Amino acid sequence: MISSLHLAAINWAAKLLYPLPALTLTEKECTSIMAPAIRAALPKAGISSCISSVVRHAPTHSLGLEVPNLYTAMGTARTSFLLEHCWQKAPTGQLLQVAIENHVLDVGLFHFIWDNTHFASYSRWCSHHSWIYNICASNNQKEIVLSLQHAQLH
């Protein structure tokens, strides 16, 4: 039963993964998107739909169900997209570098924006609608530090 649930979840999640890097959904919005599918799939697999999200998203080797967490997948996809395009020096990477520099100007930071120690202080006054801000917020929440170079204020 769990293997069929896992395959169904992977199939359904694969359809959602493609647009994820472009989105800036909140954790609450991701949970509400996944809730109908989880409520329908778990009982069909013989599992209570009220099971803890910790168990639901845990890997199978930890006795979890390994249902993909949409919010975590979105943050990972955005970070991966950013690193890949900036590393390859592709045209999209150049646009992302401009967006990073605009974010640095918006924040007024004299340090790297990827350093999570400064996120709490600058997140109060900068725009929360930026794609770069959402990457910083997601990485700060998951304690991910990037080593991506960008222009700084002097």
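The model shown is predicted, which means the values in this text are computed figures rather than measured ones.
- The SG atom of C136 sits 11.5 Å away from atom CD1 of I144, with the distance rounded to the nearest 0.5 Å.
- A 4.5 Å side-chain heavy-atom check between D106 and Y122 finds every atom pair outside the cut-off.
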Original post:
Can you check ring pair (Phe, Tyr, Trp, His ring centres under 6.0 Å) on H129 and Y133, steps first, answer last?
Top reply: CA-CA 7 Å; H129 302 290; Y133 170 83; 8.9 Å; no
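- For the pair T76/L20, no side-chain contact is recorded, criterion being any heavy-atom separation below 4.5 Å from C-beta on.
- Within the 4.5 Å cutoff, the side chain of Q141 has heavy atoms near those of the E27 side chain.
- The two residues G75 and S138 make their nearest non-hydrogen contact at CA-OG, 3.4 Å.
- Side chain of E84 to main chain of F81: no donor-acceptor pair is present (N/O by atom type, distance under 3.5 Å, no hydrogens or angles).
- Atom-to-atom distance recorded for T79:OG1 and N139:CG is 3.5 Å, nearest 0.5 angstrom.
- To the nearest 0.5 Å, atoms CD1 (I135) and CZ (R78) are separated by 6.0 Å.
- Annotation: the span from C126 atom SG to L105 atom CG amounts to 12.5 Å, rounded to 0.5 Å.
- Interatomic distance, CD1 of I132 versus CD1 of I100, reported as 4.5 Å (0.5 Å rounding).
- To the nearest 0.5 angstrom, I33 atom CD1 is 7.5 Å from L23 atom CG.
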